[in-house]
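Index from 1, following the sequence.
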Amino acid sequence: MVDVTRYNFDELLPEVKAHIEASSFVALDTEFTGLHVEGSTGNSLFDSPDLRYEKLKQLTSQFTVCQIGLCAFVKEPKKNSYVGHAYNFYLFPRSCADIDARFLCQASSLEFLVQHNFDFNRLFYDGISYMNTTQERSLKEQSVIEMARGVDEDMLKHCHTVIAEWLPSTIEGDKLPLDVTLSDKFVSLQLQTMLRDYFPVIWTNTSATGQVIVKRVSEESRKELEKATENRLLEYILGFTHVFRILVESKKPLLGHNMLTDLLFVHEKFHNPLPDKFNDFKKAIHTLFPQVVDTKNLSFKLKKELIEKGLPVTSTGLDQLYQNLCSDKGRFLVLHSPYIELSQIQCKYKDSHPLHEAAYDAYLCGYVFLRLAHFQAAKKISATVSSPLGFRTILDAVKPWMNKLNLIRANVPYINLAGPDPPSRRPRLLYVSAIGMSTLSASKLAEEFSIYSSVDVQLVDKRNALLAVSTYGGCKDIMRAFKDHKTLRVKHYNVFQHSRPVRYTLWGAIAVLGAACLWTLFGDQGKVR
């Protein structure tokens, strides 16, 4: 695994691009500065895909991505093995001209990152810049000088004075090393841009140590140099967005574990602000990444079969899935199971297992996918087949789960990026009413009903509430237990009976229809007379 910061990003970008383009697929994981919006109800069994999208859209507008991990899995030629090339990108947006990102940090999320040894110094000091297309378009409309403003005035004045004193006695080709050394490439570019604008007969560069060097040039040379280095500031600020665009252009299958939130952040931060409508988001993501696999959804579907094969899969959490599938039993669950390893050059994870470091989780996700997909593909292959399965074969085997993203605690199990979402598989809603003069409390109701099943409660008013139950068995148990309850009446929810807006609309429609009928009847009689 390689940690990528703004200091080695330019050097590593060609390598990252080469590994993505050579890969069979790429796994992704992200870490955020927060996960809960103030005033939001959180994930709920009442959530439809549209409602969940609205909640997550608020999330992505308030928080940001602080780390993103990519692992490109390259199949070795003529071998039944895959090598993972993992990269850990620390991200931090740069301010430039009128682009100045604002985001929140949530204490619980930062505590979580601290517990997993997240390096905040690298985030703030070394984070790679990024922007989306809308921000890029805004910067392109501004001059280079506007983009370069923000340089320390004292440093700029000092450089002006030194160069102004040096220039009169120089000829073309003379050089002046300034007593200014900048490790921050962006600040260095800003300073050089301001100096070049002020002195039209010079050009600037930096040494290997970051020292700014001034050179006297001809007018013709200056024009050629300007053309060759056009948009350097903009290219630098785009930063990680370059990697995002390489991913999009490659059209490689993209993997994640519980990846809906990851994709919303990726769209918002590196592509465009999220659209208002959920279906527009689905179309946009499907256009960017036509083949997406969520290993959480895939593992849900295969969990029972894995248990039948002897794997103790008690959870579909990423770490436990990996532990099961990298055991001797998991690795040789079926014939010709591929060998999977991290690149020998990237040995950081050889003796450590830093869960919730983005690149490591991306590697685990890719590993789990290969084992699960191979398990699924092998079911259709005869035991007498002697050759290993190609990647296209195992990718075809998971087509039923392609572009279907797991939805945590909602009224549908997943969303479908490539078509209509599935119907709800949850039990019918229950309608709870207080008997007598008592009032209802959502927290007390949730506590009382939770002994039967996982539930969510929505108060309609002080005396009535809706109850969403996760399982049919739990729903039956609740109906049975509260059949003759002294303080609560529980019924199946009926929209015509229990929804006031629907009842009012229905009665209004009946009244209008009745009035129309009376007018028609008596109006016609009046005409006859």
Side-chain angles (χ1 to χ4, degrees), residues 1 24-31 67-75 80-88 112-118 253-262 293-344 346-379 388-389 391 394 397-398 401 405-406 408:
M1 191 283 301
S24 296
F25 64 92
V26 179
L28 170 147
D29 186 71
T30 54
E31 299 296 336
Q67 189 182 73
I68 189 163
L70 295 178
C71 191
F73 284 78
V74 179
K75 191 175 188 308
N80 186 27
S81 63
Y82 292 83
V83 177
H85 300 273
Y87 298 91
N88 210 39
F112 175 84
L113 293 173
V114 167
Q115 289 167 11
H116 292 90
N117 301 311
F118 186 87
L254 186 67
L255 275 62
H257 193 78
N258 247 340
M259 67 185 302
L260 176 59
T261 305
D262 298 298
V293 180
D294 188 335
T295 50
K296 182 75 170 181
N297 190 45
L298 181 60
S299 60
F300 266 138
K301 303 302 180 182
L302 298 180
K303 180 181 175 182
K304 184 178 178 181
E305 294 180 55
L306 293 172
I307 293 172
E308 290 172 352
K309 286 285 186 178
L311 283 183
V313 184
T314 57
S315 166
T316 54
L318 186 58
D319 180 42
Q320 192 182 74
L321 283 170
Y322 174 73
Q323 294 300 330
N324 273 289
L325 293 168
C326 74
S327 66
D328 289 343
K329 182 75 174 179
R331 285 186 291 119
F332 303 109
L333 205 59
V334 291
L335 288 173
H336 307 303
S337 192
Y339 181 71
I340 309 165
E341 65 175 346
L342 269 169
S343 168
Q344 293 297 320
Q346 303 172 335
C347 56
K348 178 181 176 181
Y349 299 144
K350 188 175 182 180
D351 300 313
S352 65
H353 306 282
L355 279 175
H356 303 295
E357 185 168 275
Y360 183 69
D361 283 1
Y363 169 69
L364 298 194
C365 177
Y367 185 101
V368 166
F369 166 75
L370 280 171
R371 292 280 179 247
L372 293 179
H374 195 273
F375 172 74
Q376 178 67 14
K379 291 190 291 187
L389 303 178
F391 180 73
I394 67 171
V398 298
W401 300 281
L405 307 182
N406 181 62
I408 304 171

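Ser81 meets the side chain to side chain contact (heavy atoms under 4.5 Å, CB included) test with Glu76, Lys79, Tyr339; sequence neighbours excluded. Residues satisfying the side-chain hydrogen bond (donor to acceptor under 3.5 Å, both in side chains) criterion with Ser337, sequence neighbours excluded, are Arg371. With sequence neighbours excluded, no residue forms a side-chain hydrogen bond (donor to acceptor under 3.5 Å, both in side chains) with Asn297. Under the rule for a ring-ring contact (aromatic ring centres under 6.0 Å, His included), the partners of Phe118 that lie at least two apart in sequence or sit in another chain are Tyr90, Phe120. Residues passing the side-chain hydrogen bond (donor to acceptor under 3.5 Å, both in side chains) test with Asn324, sequence neighbours excluded: none. Annotation: ring-ring contact (aromatic ring centres under 6.0 Å, His included) contacts of Tyr82 (sequence neighbours excluded): none. Applying the side-chain hydrogen bond (donor to acceptor under 3.5 Å, both in side chains) test to Ser24 and every residue at least two apart in sequence or in another chain returns nothing. Phe25 pairs by the ring-ring contact (aromatic ring centres under 6.0 Å, His included) definition with Phe73, Phe369, Phe391, not counting sequence neighbours.
Here the side chains of Gln376 and Ile394 are not in contact, with every heavy-atom distance at 4.5 Å or above. Here the side chains of His116 and Glu357 are not in contact, with every heavy-atom distance at 4.5 Å or above. Ile340 is listed as a side-chain neighbour of Tyr363, based on a closest heavy-atom distance under 4.5 Å. Residues Val293 and Pro253 form no side-chain contact, since every pair of their non-hydrogen atoms from C-beta on lies 4.5 Å or further apart. Val368 places none of its side-chain heavy atoms less than 4.5 Å from the side chain of His257. Between Leu260 and Asn406, the closest side-chain pair of non-hydrogen atoms is not below 4.5 Å.
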Donor-acceptor list for residues 300-311 side chains, cut-off 3.5 Å, not counting sequence neighbours:
unit_1 : atom_1 : unit_2 : atom_2 : d
Glu305 : OE1    : Lys379 : NZ     : 2.6
Glu305 : OE2    : Lys379 : NZ     : 3.2

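When all heavy atoms of Gly69 and Asn88 are compared, the closest pair comes out as CA-OD1, 4.4 Å.
Gln67 places a side-chain N or O within 3.5 Å of a backbone atom of Ala358 that can act as its donor or acceptor partner. Checking side-chain atoms of Asn80 against main-chain N and O of His336 turns up a donor-acceptor pair under 3.5 Å. Within the 3.5 Å criterion, the main-chain N or O of Lys296 finds no donor-acceptor partner in the side chain of Asn258.
The salt bridge (Lys or Arg N to Asp or Glu O under 4.0 Å) analysis of residues 330-340, with sequence neighbours excluded, yields the pairs Asp328-Arg331.
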